[in-house]
Amino acid sequence: MTVPPTPTGATSMRTHLCGALRAADIGSTVTVCGWVAKRREHGEHLAFIDLRDHTGIVQCVIPGTVDVRSEYVISVQGAVRARPEGTLNPDLPTGEVEIGDCIVTILNSAEPPPFAIDDRVEVDEGIRLKHRFVDLRRPRMQANLRIRAMVNHALRSAMDRQGFVEVETPLLWAPTPEGAREFAVPSRLHPGSCYVLPQSPQLAKQLLMVAGVDRYYQIARCLRDEDLRADRQFEFSQLDVEASFVTQEDILGFVSEAVLDAAEAVTDERPEPVPRMTWAEAIDRYGTDKPDTRFGMELIDLSAVFDGTEVKAFGAPCVKAIVLEGGGTLTRSKLDGLTDRAKGLGAKGLAWFRVAAAEGADRAEGVGSDWPSLVLDSPLDRFLSDGERVGLLSATGAGAGDLILVVADEYRTACTVLGHLRLEVGGRPVSEGPYRFLWVVDFPMFDGVDEAGHPIAAHHPFTMPHPDDLGRLESDPASVRSQAYDLVLNGWELGSGSVRIHRADIQSRVFAVLGIDEDEAMSRFGFLLGAFRFGAPPHAGFAVGIDRLVAIFAGEDSIREVIAFPKTQSGSDPMTGAPKALAPGLLGELGLQVIPPRD
RNA sequence: GGACCUGUGGUGCAGUUUGGAGUGCACGCCGGCCUGUCAAGCCGGAGGUCGCGGGUUCAAAUCCCGUCAGGUCCGCCA
């Protein structure tokens with residue numbers, strides 16, 4: 001992936017950019033500015049400086065000595081010339097040329113950097129973050145920042161083109177005790193009271209629909225005080241979208257257009273239209289609501305094979321399996337590790353079967369389910385009937401050298417545990433191509449129940465139930481689908497959205513099922529429900545996680561690599577030292593007092 | 001809240017299993033040499049509380065306990 005340099009880059013101090021010089025520039029007298037990437041001295045008559053700016057490196061030839069060190073900031077004036085025969089450097093985009101007879105002006109000296117500014121060395125992330133301004137000087141990080149800017153630009157263009165209007169919403173909002181933990185901001189003018197930073201502009205954008213904006217978007221910063229991961233930071237950016245007088249179909253179209261534009265902007269290639277899958281199918285085939293469809297290893301249902309089995313371990317409502325091709329070589333300790341992992345994920349256990357060719361059997365081809373040319377190697381094998389062995393092999397299609405992993409449990413547990421194991425043994429880094437977008441639709445309206453026995457909203461309480469299921473809202477809520485949908489890319493959830501409830505009668509029914517009475521609803525969401533009485537149009541929306549989208553396009557497995565100044569996993573910033581204790585005076589002004597932690 | 005991995009000159013590592021002198025490698029840094037190098041080359045040099053604290057031991061980078069930091073994951077993320 002190539003990031004195009006700034007058009008000319010010319011300023012009062014320079015005429016050209018380092019990485020942009022080519023054979024066509026031969027003969028030009030140029031002035032370039034940048035950092036000394038490398039200095040090579042050859043005695044008193046010749047020295048080379050590799051000068052680096054954000055576009056790349058160019059070789060400067062000094063007819064003498066020069067007193068510069070790594071990372072000195074200099075400007076160089078000289079004439080672009082062809083390199084002498086035999087000294088071209090094919091590894092450098094500027095490798096056909098050099099700047100000759102250079103006059104060097106030192107703009108600033110520099111201490112040696114704490115680590116090499118070089119993509120080839122892996123440096124401890126804590127050290128990188130402490131000196132992030134140095135880390136960002138590395139070409140890879142420069143490229144990541146620019147890819148992010150390209151993605152933002154492409155997303156904005158796509159939304160503008162589709163008639164959306166960019167509206168900014170407040171960062172200081174009111175607490176909405178639902179969903180993610182919120183960051184609180186104490187109020188000076190109202191001591192003891194707090195604003196919260198929005199976990200998303202969800203309610204604000206719905207109010208904009210009531211306001212008649214019709215089509216809203218924003219590249220919005222969202223803040224959630226939840227534990228961090230490779231794909232999660234406290235603060236992250238979303239392409240936030242909401243539109244009126246639309247159905248789910250319209251939203252999928254708008255958002256597809258934007259993300260495919262972004263993909264095309266970065267890769268010069270437009271992916272295929274985004275395929276769709278229902279939530280139920282995703283769980284059944286991949287054991288997750290965010291399937292990585294770059295590879296197979298789909299879940300195989302063995303419930304029929306082990307119906308009425310004598311094997312105690314398989315006496316469960318659901319028996320499912322995955323097959324790892326060539327996995328027969330996995331060591332016993334690795335398999336024990338997988339078993340621990342399965343238990344950690346909530347399964348009662350994990351059964352494994354190594355498949356091998358039977359003694360004297362023809363191994364040439366087509367062993368497949370061709371029992372009895374195959375034998376099973378497993379602690380459980382001696383408990384299986386012949387019929388179960390045949391059924392296991394034919395249902396899975398496993399061949400010699402393969403490994404079958406089986407989980408028997410409740411349906412959802414069996415699916416999700418195998419979904420995790422599938423990624424564990426067969427998964428690839430998210431950053432590896434190709435790009436496999438996927439819409440997951442028809443999410444359930446509710447997922448699980450709370451302590452009081454009320455269903456828990458799977459998305460949020462303003463999500464419109466699927467029209468076909470509305471009649472079962474009270475009688476069988478667990479079976480009700482919602483008009484909620486997720487966008488998935490290479491196994492990462494890129495974003496989610498829904499059609500919202502705009503009618504008070506349906507909203508009341510949903511609140512009732514959730515166990516939220518009218519008083520509670522008014523105290524929590526009163527301003528939204530109140531606004532809805534003044535003419536709320538049918539509306540729906542979506543939000544795309546930009547950090548994740550950019551990370552995948554940039555070939556990175558962590559969103560920290562595409563964020564200029566991210567936090568560590570423990571939520572601190574080694575560069576600024578944040579978070580820090582507040583000075584007592586400021587605490588007092590905010591009406592706050594620190595309670596020492598108890599041990 | 002929990003599990004696991006990592007922590008050794010500025011950087012990246014080896015050494016830890018099996019305790020025996022801070023022993024080694026690469027890069028960087030400092031000085032010298034070098035007129036076509038490009039991760040330059042050659043010669044010399046400096047640079048270490050082995051994350052921190054405690055314990056075991058005649059003796060700890062190494063074994064044990066605790067703790068801190070970075071990372072991966074579970075919980076959490078409507």
Side-chain angles (χ1 to χ4, degrees), chain A residues 37-51 57-65 69-71 83-92 94-95 98 100 111-131 134-135 176-182 199-200 202-203 222-234 236 337 340-346 416-417 420 423-424 429 443 445-448 450 455-463 482 484 493 496 498 510 514 516 524-525 543 545 557-558 560 567-572 574:
Chain A
K38 205 78 201 178
R39 176 191 50 144
R40 293 180 292 279
E41 287 188 304
H42 291 254
E44 56 182 319
H45 300 293
L46 178 67
F48 299 97
I49 292 174
D50 286 345
L51 191 66
I57 281 174
V58 67
Q59 173 167 281
C60 307
V61 186
I62 285 86
T65 59
R69 304 281 160 159
S70 288
E71 301 309 314
R83 291 192 180 201
E85 197 157 340
T87 67
L88 276 62
N89 185 348
D91 297 331
L92 230 48
T94 61
E98 62 189 14
E111 291 178 22
F115 49 87
I117 298 170
D118 188 326
D119 288 343
R120 287 169 294 210
V121 293
E122 292 249 337
V123 182
D124 177 79
E125 200 162 335
I127 294 167
R128 289 176 59 199
L129 291 182
K130 180 166 185 181
H131 306 277
V134 170
D135 189 38
T176 50
E178 178 90 22
R181 192 178 294 114
E182 294 163 321
Q199 47 180 297
S200 83
Q202 179 63 39
L203 301 179
C222 307
L223 300 109
R224 296 180 187 174
D225 188 5
E226 298 289 353
D227 287 3
L228 283 54
R229 292 278 196 282
D231 61 347
R232 278 160 38 186
Q233 283 272 303
F234 284 151
F236 57 98
D340 290 344
R341 171 86 169 145
K343 287 177 178 168
L345 290 164
T416 54
V417 168
H420 275 102
L423 294 175
E424 191 112 337
F443 270 65
M445 186 77 186
F446 308 102
D447 192 16
D450 63 18
I456 299 168
H459 189 58
H460 60 60
F462 317 112
T463 303
S482 67
E493 181 191 322
S496 59
S498 64
V510 170
L514 291 170
I516 302 173
R524 280 163 63 172
F525 316 111
D557 295 319
S558 164
R560 292 188 301 274
K567 304 286 185 289
T568 67
Q569 190 161 40
S570 62
S572 61

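Keep in mind that the numbers below use all heavy atoms, side chains included, and drop hydrogens, waters and symmetry copies. To find a chain, count down the sequence lines: A is the first, B the second, and so on, and within it residues start at 1. The structure presented is a predicted model; accordingly, all values stated were derived computationally and were not measured.
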Query - R128(A) vs G71(B): side-chain N/O to OP1/OP2 distance below 4.0 Å - result: no

Query raised in the report: Is there a donor N/O on one and an acceptor N/O on the other, under 3.5 Å, for the side chain of D227(A) and the base of G75(B)?
Result: yes

Query raised in the report: Which parts of nucleotides 31-37 of chain B does protein reach within less than 4.0 Å, heavy atoms only, written one letter per nucleotide 5' to 3' as B for base, S for sugar-phosphate only and - for none?
Result: S--BBBB

Requested in this report: Please determine if R40(A) and D50(A) form a salt bridge, counting it only when a charged side-chain N lies under 4.0 Å from a carboxylate O.
Outcome: yes

Requested in this report: For the side chain of T568(A), starting at C-beta, report the closest nucleotide among G71(B), C77(B), C74(B).
Outcome: G71(B)

Requested in this report: Write down the distance separating the P atoms in G41(B) and C27(B), rounded off to the nearest Å.
Outcome: 7 Å

Query - C1' gap between G9(B) and G55(B), integer Å - result: 28 Å

Report task. Before giving the answer on side chain to side chain contact (heavy atoms under 4.5 Å, CB included), spell out for L46(A) and V61(A) the whole-Å C-alpha distance, their side-chain angles and the decisive distance to 0.1 Å. Result -> CA-CA 7 Å; L46(A) 178 67; V61(A) 186; 3.6 Å; yes

Query raised in the report: Taking any strand in view, what nucleotide pairs with C77(B) in a Watson-Crick or G-U wobble way, both distances under 3.5 Å?
Result: none

Requested in this report: Give a yes/no answer on whether the side chain of S570(A) brings an N or O atom under 4.0 Å of OP1 or OP2 in G70(B).
Outcome: yes

Query - Distance, rounded to the nearest Å, where R341(A) contributes CZ and G2(B) contributes C1' - result: 13 Å

Query raised in the report: Which sits closer to the 5' end of RNA chain B, S200(A) or N89(A), going by the nucleotide each is nearest to?
Result: N89(A)

Report summary line: Whole-Å distance, I49(A) CD1 to A40(B) C1', equals 15 Å

Query raised in the report: Just wondering, do L228(A) and K567(A) contact through their side chains at under 4.5 Å, heavy atoms?
Result: yes

Query raised in the report: Hey, is the side chain of S572(A) poking within less than 4.0 Å of OP1 or OP2 on G70(B), counting only N and O atoms?
Result: yes

Query raised in the report: Hey, does the side-chain of R560(A) have a donor or acceptor N/O within less than 3.5 Å of a partner on the base of G71(B)?
Result: no

Query raised in the report: NA contact type, A116(A), heavy-atom cut-off 4.0 Å: base, sugar-phosphate, or nothing?
Result: nothing

Query raised in the report: Given the C1' atoms of G10(B) and C30(B), what is the spacing between them in whole Å?
Result: 13 Å

Query - Strand partner of G45(B), provided both Watson-Crick or wobble distances fall under 3.5 Å - result: C29(B)

Query - Pairs where residues 117-126 of chain A contributes a residue and the test side-chain hydrogen bond (donor to acceptor under 3.5 Å, both in side chains) is met, not counting sequence neighbours - result: D118(A)-R120(A), E125(A)-R560(A)

**Report entry** Separation of G75(B) C1' from H420(A) NE2 (nearest whole Å)
**Finding:** 11 Å

**Report entry** Counterpart base for A40(B), defined by Watson-Crick or G-U wobble contacts under 3.5 Å
**Finding:** none

Query raised in the report: In the structure shown, which nucleotide is the Watson-Crick or G-U wobble counterpart of G66(B), with both distances under 3.5 Å?
Result: C52(B)

Query - Residue closer to the 5' end of RNA chain B, A458(A) versus P112(A) (nearest nucleotide) - result: P112(A)

Query raised in the report: What pair of heavy atoms forms the shortest contact from T94(A) to I57(A), and how long is it?
Result: OG1-O, 2.7 Å

Query - Nucleotide C77(B), atom C1' - distance to CD of Q569(A) in whole Å - result: 14 Å

Query raised in the report: What interatomic distance, in whole Å, is found between P of C43(B) and the corresponding atom of G28(B)?
Result: 14 Å

**Report entry** C29(B) and A39(B), which share atom name P, separated by this distance in whole Å
**Finding:** 15 Å

Query raised in the report: On a whole-Å scale, what distance lies between the C1' atoms belonging to A26(B) and U17(B)?
Result: 25 Å

Requested in this report: To the nearest Å, give me how far apart CZ (R120(A)) and P (C13(B)) are.
Outcome: 17 Å

Query raised in the report: Contact class for S70(A) (heavy atom, under 4.0 Å): base, sugar-phosphate, or nothing?
Result: sugar-phosphate

Query raised in the report: Of the non-hydrogen atoms in G571(A) and F234(A), which two are nearest, and what is the gap between them?
Result: CA-CE1, 3.5 Å

Query raised in the report: Is E122(A) touching bases, backbone alone, or none of the nucleic acid, heavy atoms closer than 4.0 Å?
Result: sugar-phosphate

Query - Interatomic distance where CG belongs to D118(A) and P belongs to A39(B) [whole Å] - result: 10 Å

Query - Nearest-angstrom distance, C1' atom, A46(B) to C5(B) - result: 34 Å

Query raised in the report: Would you say a side-chain N or O of K38(A) is under 4.0 Å from OP1 or OP2 of A39(B)?
Result: no

Query raised in the report: Paired with G24(B) by Watson-Crick or G-U wobble geometry, both distances under 3.5 Å: which nucleotide is it?
Result: C13(B)

Query raised in the report: Does the R181(A) side chain pair with the main chain of D225(A), one donor and one acceptor, at a distance under 3.5 Å?
Result: yes

Query raised in the report: Ignoring hydrogens and geometry, is there a side-chain-to-backbone donor-acceptor pair from S482(A) to F443(A) under 3.5 Å?
Result: yes

Report task. Give H131(A) one of three labels, base, sugar-phosphate or nothing, depending on what nucleic acid heavy atoms sit under 4.0 Å from its own. Result -> nothing

Requested in this report: Record whether the side chain of R232(A) comes under 3.5 Å of the base of C76(B) through a donor-acceptor pair of N or O atoms.
Outcome: yes

**Report entry** Touch class at under 4.0 angstrom, heavy-atom based, for V123(A) against every strand present
**Finding:** sugar-phosphate

Report summary line: R341(A) meets the side chain to side chain donor-acceptor pair (under 3.5 Å) criterion, sequence neighbours left out, with E424(A)

Report task. Could you work out the separation of G70(B) and C52(B) based on their C1' atoms and round it to a whole Å? Result -> 15 Å

Query - Side chain of D124(A) (C-beta onward), nearest among C29(B), C73(B), G70(B) - result: G70(B)

Query raised in the report: Once you round it to whole Å, what is the distance between P of C76(B) and CZ of F234(A)?
Result: 17 Å

Query raised in the report: Is H131(A) reaching over with its side chain to a backbone N or O of I127(A), donor-acceptor style, under 3.5 angstrom?
Result: no

Requested in this report: Select base, sugar-phosphate, or nothing to describe what I456(A) touches, counting heavy atoms under 4.0 Å on all strands.
Outcome: nothing

Query raised in the report: Quick one: I117(A) CD1 to U11(B) P, roughly how many Å, whole number?
Result: 14 Å

Query raised in the report: Would a distance-only check, ignoring hydrogens and angles, find a side-chain to backbone donor-acceptor pair under 3.5 Å from R83(A) to G95(A)?
Result: yes

